[in-house]
Amino acid sequence: MYEVVEKTRPKVLVCDGNEAAAWGVVLSRPDMVAVYPITPQSSLAEYVAQFVADGVLDAELVEAEGEHSVLSVLHGAALAGARTYTASCGQGLAFMFEPYFRTPNLRLPIVMSIVNRDGISPQCVWGGQQDAMTVREVGWVQLFCETVQEVLDTIVMAYRIAEDRSVMLPVNVNHDGNYLSNGIVRIELPDQEEVDDFLGTPDVNWHVALDPDRPMGVDPLTGGSSGPGPSLFVRYRQGHCEGMQNALQVIVDAHAEWAQRFGRSYAPLVEEYRLDDADYAIVTIGSMAGAGKDAVDAARERGERVGLIKIKTLRPFPVDAFVCALDKVRAVGVVDRAVCFGWNSGPVHQETRAALYHCGARIPCLSLIGGLAGADLTQAHFDRAIAETARLLSGPCPRQPVWLNAQD
């Protein structure tokens with residue numbers, strides 16, 4: 001827990017998650033923004049463009065011809081010393097994949113929102129987390145938000161994390177398409193001077209810098225079967241892995257300082273909800289956690305000893321924090337808004353099963369999949385998830401997933 005400082009008279013806005021993300025961008029003062037619209041991210045790009053046009057944000061805006069160009073533009077900008085931002089989702093993220101893969105390996109601290117969306121086919125433009133889950137092994141730090149306020153706050157914290165010299169990696173701030181991107185709520189806008197002090201001077205390209213007076217090769221051909229190439233390639237991969245692991249503590253520290261400065265605290269890695277005396281728990285990620293907590297509260301009123309574990313940081317995966325939570329229960333049910341095709345389950349379910357290897361006892365772990373293609377994940381769905389997970393305490397764990405919206 002962190003010490004929270006009460007703030008007085010905050011500036012209040014009523015807006016949706018995409019506008020909140022855009023305000024987070026404004027407060028972070030990027031030098032360059034490159035965007036290409038795609039549903040449900042489009043209004044985020046429009047908000048940022050409007051802020052630039054109105055002079056609210058003093059940044060260069062590049063409206064590129066596609067997502068591949070968007071990230072390629074930002075590569076050059078970051079290498080020249082600019083703080084940068086973009087946003088995408090779904091098939092746009094897929095079109096961006098080549099420079100997306102290169103970004104973390106160049107150690108460029110770009111911040112990018114993913115307004116989570118399900119994948120095709122069949123054609124779909126609605127929410128889901130298949131996009132972010134599909135690219136989770138590429139090497140970006142990945143943070144997931146539960147609320148609109150958390151979207152704004154996490155955008156700002158993402159720059160602090162990305163530009164830390166022990167990390168120097170790009171960060172994805174994920175918020176669920178439709179539910180958070182279009183859901184309108186009251187938020188508080190941090191003071192610009194306080195955000196400036198929190199972020200400090202941009203520290204983007206101390207390791208590589210495009211400078212005509214100091215020419216250098218960036219991203220040269222490296223590897224092969226002989227000479228220094230293979231070992232040099234290994235050093236790049238080792239350094240990247242070390243940066244990811246360093247990010248865990250940096251994420252914790254950034255959230256702690258944010259709570260002290262701005263009065264709002266979030267569990268940086270894993271949130272434990274009503275877990276201390278729980279027999280079993282459901283695992284969630286993103287905006288679904290709100291409905292999950294309501295269902296847990298209702299189950300508690302019925303006398304059921306259930307808790308909830310919410311993952312905020314998916315990459316790097318917070319193994320120690322997650323295992324600490326899992327060790328408190330005797331069974332878990334993992335609710336995914338995406339699928340892991342090769343395992344016939346959800347991707348977070350697979351992450352959970354890997355973490356369970358480090359637990360003190362063998363804990364049954366059920367896969368539940370719901371909320372695909374914009375389908376609602378309501379308290380009733382979580383009531384079922386809780387009931388299905390409770391059965392693991394006295395019976396076998398099914399190897400097949402439970403499809404929560406199959407009969408909706």
Side-chain angles (χ1 to χ4, degrees), residues 1-3 103-114 129 132-133 135-146 150-151 153-175 198-200 203 207 235-262 264-273 275 283-286 289 308-328 332 334 347-348 350-360:
M1 297 298 291
Y2 309 110
E3 180 184 357
T103 306
N105 295 300
L106 285 174
R107 308 298 293 269
L108 300 179
I110 294 170
V111 172
M112 170 180 166
S113 294
I114 300 180
Q129 296 176 343
M133 294 297 169
V135 299
R136 69 189 190 280
E137 305 301 359
V138 172
W140 288 58
V141 174
Q142 287 195 328
L143 309 174
F144 285 76
C145 299
E146 179 183 345
E150 189 175 5
V151 171
D153 294 348
T154 305
I155 291 280
V156 179
M157 286 189 280
Y159 284 97
R160 178 72 170 268
I161 297 161
E163 294 172 7
D164 188 283
R165 286 199 172 202
S166 70
V167 179
M168 289 303 289
L169 287 169
V171 177
N172 284 148
V173 180
N174 290 271
H175 66 271
F198 174 79
L199 288 179
D203 191 16
H207 60 317
R235 286 170 54 194
Y236 277 110
R237 288 292 185 263
Q238 285 182 315
H240 189 163
C241 288
E242 289 172 4
M244 287 292 277
Q245 293 309 302
N246 293 339
L248 289 168
Q249 187 59 53
V250 175
I251 292 167
V252 170
D253 293 344
H255 281 71
E257 186 172 337
W258 185 268
Q260 290 181 326
R261 285 175 176 264
F262 300 99
R264 289 187 294 277
S265 63
Y266 310 97
L269 305 177
V270 173
E271 179 182 349
E272 299 182 10
Y273 184 76
L275 203 64
V283 177
T284 65
I285 185 168
L308 182 144
I309 305 170
K310 186 190 78 173
I311 296 172
K312 173 159 187 177
T313 301
L314 184 69
R315 285 292 182 275
F317 194 80
V319 177
D320 292 340
F322 196 46
V323 168
C324 181
L326 293 173
D327 266 333
K328 296 178 179 177
V332 290
V334 183
V348 178
Q350 289 306 311
E351 304 283 346
T352 304
R353 290 184 64 182
L356 285 170
Y357 178 82
H358 301 284
C359 288

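Just so you know, residue 1 is the first one in the sequence shown, and it goes up from there.
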If you apply the rule side-chain contact (heavy atoms from CB on, under 4.5 Å), what do you find for I251 with V167, and how did you get there? CA-CA 10 Å; I251 292 167; V167 179; over 6 Å; no
Partner set under side chain to side chain contact (heavy atoms under 4.5 Å, CB included) for R353, not counting sequence neighbours: W343, H349, Q350, C365
Report the distance from atom CG of L269 to atom CG of L314, rounding to the nearest 0.5 Å. 11.5 Å
side-chain contact (heavy atoms from CB on, under 4.5 Å) between V173 and H175: does it pass, once the steps are laid out? CA-CA 7 Å; V173 180; H175 66 271; 5.5 Å; no
Looking at L143, is its backbone amide N or carbonyl O close enough to the side chain of N174 to form a donor-acceptor pair, meaning the two atoms are under 3.5 Å apart? yes
Residues passing the side chain to side chain donor-acceptor pair (under 3.5 Å) test with T154, sequence neighbours excluded, are K312
F322 meets the ring pair (Phe, Tyr, Trp, His ring centres under 6.0 Å) criterion, sequence neighbours left out, with F317
Hits for salt bridge (Lys or Arg N to Asp or Glu O under 4.0 Å) against D164, two or more places apart or cross-chain, chain-then-number order -> none
Donor-acceptor pair, D203 side chain versus R165 backbone, under 3.5 Å? no
Within the structure provided, determine whether T352 and L326 are in side-chain contact (heavy-atom separation under 4.5 Å). yes
Residue pair S265 / A259: nearest heavy atoms and the distance that separates them: CB-CB, 3.7 Å
Tell me the closest heavy-atom pair linking I311 and I285, and the distance in Å. O-CG1, 3.4 Å
So CG of L199 and CE of M157: to nearest 0.5 Å the spacing works out to 10.5 Å
Mind checking what makes salt bridge (Lys or Arg N to Asp or Glu O under 4.0 Å) contact with R235, not counting sequence neighbours? none
Sequence-distant partners of R136, salt bridge (Lys or Arg N to Asp or Glu O under 4.0 Å), two or more places apart: E351
Which atom pair, heavy atoms only, marks the closest approach of V323 to A355? CG2-O, 3.5 Å
Across all chains, not counting sequence neighbours, the salt bridge (Lys or Arg N to Asp or Glu O under 4.0 Å) partners of E271 are K293, K310
Heavy-atom pair with the smallest gap, counting every atom of F144 and M133: CZ-CE, 4.0 Å
Ignoring hydrogens and angles, write down the donor-acceptor pairs under 3.5 Å from the side chains of residues 243-250, residues two or more places apart or on other chains.
from	atom 1	to	atom 2	distance (Å)
N246	ND2	S166	O	2.9
N246	ND2	E242	O	3.2
Q249	NE2	D253	OD1	2.8

If we ignore hydrogens and angles and just use 3.5 Å, is the side chain of R107 paired with the main-chain N or O of G239 as donor and acceptor? yes
Holding to ring pair (Phe, Tyr, Trp, His ring centres under 6.0 Å), I want the full list of residues that pass it with W258, two or more places apart in sequence or in another chain. F198, F262
Compare every heavy atom of V270 with every heavy atom of P318, then report the nearest pair and how far apart it is. CG-CG2, 3.7 Å
Residues which pass side chain to side chain donor-acceptor pair (under 3.5 Å) with T313, listed by chain and number, not counting sequence neighbours: none
Closest approach of L308 to L275 (non-hydrogen atoms, all atoms of both residues): N-CD1, 4.1 Å
P170 versus V111: any side-chain heavy-atom pair under 4.5 Å? no
Applying side chain to side chain donor-acceptor pair (under 3.5 Å), name anything that partners H240, two or more places apart in sequence or on another chain. N105
Return the set of residues passing ring pair (Phe, Tyr, Trp, His ring centres under 6.0 Å) with Y273 (not counting sequence neighbours), or none when no residue passes. none
With side-chain contact (heavy atoms from CB on, under 4.5 Å) as the test, would you mind laying out the steps for R315 and E137 before giving the verdict? CA-CA 8 Å; R315 285 292 182 275; E137 305 301 359; 2.9 Å; yes
